[in-house]
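Labels below follow one simple rule: chain letters A, B, ... track the order of the sequence lines, proteins then strands, and each chain is numbered from 1. Keep in mind that what you see is a predicted model, and the values were worked out from it rather than measured.
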Protein chains: 2
Amino acid sequence: MTTERSKSDLTRTRILDAAARTFRQKGYAATTLNEIASAADMQAGSLYYHFGSKDELLEEVLDIGANKVNDAIKESQERLPPEATHRERIRAAVDAHLTMLLKHCDYTSANISIFAQIPEEIQQRHLPKRDALAAQWRRILTRAQKAGALRDDVDLSMVRMLLLGALNWSVEWYKPGKTSIPAMADHICLMLLDGIGSKSSTRRNTEGRAAEVA
Amino acid sequence: MTTERSKSDLTRTRILDAAARTFRQKGYAATTLNEIASAADMQAGSLYYHFGSKDELLEEVLDIGANKVNDAIKESQERLPPEATHRERIRAAVDAHLTMLLKHCDYTSANISIFAQIPEEIQQRHLPKRDALAAQWRRILTRAQKAGALRDDVDLSMVRMLLLGALNWSVEWYKPGKTSIPAMADHICLMLLDGIGSKSSTRRNTEGRAAEVA
DNA sequence: GTCTATATTCAGATAGAC
DNA sequence: GTCTATCTGAATATAGAC
């Protein structure tokens, strides 16, 4: 087992990188093999030396993307000291998830953003990988709740869906430079754990319409 | 001005319904005019009597979807009494947004789920409609913050993105019957305003790894 | 391994009969 | 208004030269 890579492997990676980036930008069906090939500096026909079909390319992109975010979250938890608070654990997972989604990793963002619009057969085959990610989040939240760090009257699976929604949707609006990932993680944890309502949030709006902002 | 509809208008609507549903399910590029026509009980060629092109059909679906959710949120606010709390206002907007997205309205869910993967030129032309929705949410949150119902140290535009993310992502996982929209709205408002952390959420996890759940 | 050339299929779109 | 038939272009995929 060596870390050395054959020339063929490097080309494969170049193609996969190009495919992930293009899939993410334009979607699966709208991406042509010509675009992928051109982004990888080759001709469309040459792709078939490395991959059997467009679907095969897609499946490998999906798998890599899922593995990367799964690994990142796993490592984020292992990196914490055993005495870390559950707030710290959640915050670390949020940060890892966002970092994979928004930095470095077209594979993960491609996976997240095109999954709903790929052929159903491929979705089915990929479900186990998605379940593994869900299971990690479920475990983090369940441990927190059992330890008393989360209210015990909330539906954790709904909380998980809403939380992952807030995270995953960021691929639709995040612009590097305009927002920082740590700031996002802070806001997520603040909302999730503390809420952003002040004590007066249930007070009657006695000024009524007069409070309207022009 | 009459509510009567010509036969042609009814057919147009039938086609638009079919298009919205199919776009939502399979994405824009992967949807063929044959599928839309077949879902509308006609032949592909006949579509061109009613619409000039596939793009034109898409643009009309997008517009209708945006209008429906915009109107629903507007009405949700107008329906409230002037003395309603800001919590009630936010809750009503969340409910309206989710209801449009998940019930009755393939147009809104199509708009939300395919927008990122349609031709860029069409995205650009549709931006004003999206901005109108953003503006409504911005106004609801800003008024709440100015009235002291929301902490004044949070970045409202980030909060808005995260909140809308949690809402919009529900098109990816919501299954009618399995979850109720009011329950979702409750959880959203609880997380957003109160947080789901208990007071012990920052306590050290003194049991360390022993707390692990099998 | 990558190229060029091409087979094949199928999409969006048009024309004219009814 | 809708049909059938068809044009045209483009996409996936293959074959064989280099």
* Side-chain heavy atoms of B:Asn111 within contact of B:Val69, under 4.5 Å -> no
* Consider the side chain of A:Tyr49, meaning its heavy atoms from C-beta on, and name the nucleotide among C:dT4, C:dG1, D:dC3 that approaches it most closely. => C:dG1
* Asked: Is the NZ atom of A:Lys26 crowded by more than 12 outside heavy atoms at less than 6.0 Å?
  -> no
* **Nearest-Å distance for atom pair CD/P, residues A:Glu35 and D:dA10** => 13 Å
* N/O (side chain, A:Tyr48) to phosphate O (OP1/OP2, D:dA13) under 4.0 Å -> yes
* Salt bridge or not for A:Arg21 and A:Asp17, using N-O below 4.0 Å? -> no
* Structure fact -> To the nearest angstrom, the CG-P distance between B:Leu57 and C:dG12 comes to 11 Å
* To do: Round to a whole Å and report the spacing from CG of B:Asn34 to C1' of C:dT9.
  => 14 Å
* **Candidate pair A:Tyr174 and A:Ile181, rule side chain to side chain contact (heavy atoms under 4.5 Å, CB included), full reasoning** => CA-CA 9 Å; A:Tyr174 177 81; A:Ile181 291 179; 4.0 Å; yes
* Asked: For D:dT2, does OP1 or OP2 lie under 4.0 Å from any side-chain N or O of B:Thr11?
  -> yes
* Do the rings of B:His126 and B:Phe115 sit parallel, tilted or perpendicular, given the 30° and 60° boundaries? -> tilted
* For B:Leu10 and D:dG1, what is the distance between atoms CG and P respectively, to the nearest whole Å? -> 11 Å
* Asked: Which nucleotide sits closest to the side chain of A:His50: D:dA13, C:dA13, C:dT2?
  -> C:dT2
* To do: Whole angstrom is fine here: how far is it from CD in B:Gln43 over to P in D:dT4?
  => 5 Å
* Structure fact -> Checking D:dA13, D:dT2, D:dT12 against the side chain of A:Thr32 (C-beta onward), the nearest is D:dT12
* **Of the listed nucleotides D:dG1, D:dA13, C:dG12, the one nearest the side chain of A:Leu33** => D:dA13
* Asked: How close or far is atom P of C:dT2 from atom CG of A:Leu47, stated in whole angstroms?
  -> 10 Å
* **Euclidean distance, atom CG of residue A:Asp41 to atom P of C:dT2 [Å, nearest integer]** => 11 Å
* Structure fact -> B:Leu58 atom CG is separated from C:dA13 atom P, nearest whole Å, by 12 Å
* Asked: Does a side-chain N or O from B:Ser46 land closer than 4.0 Å to OP1 or OP2 of D:dG1, or not?
  -> no
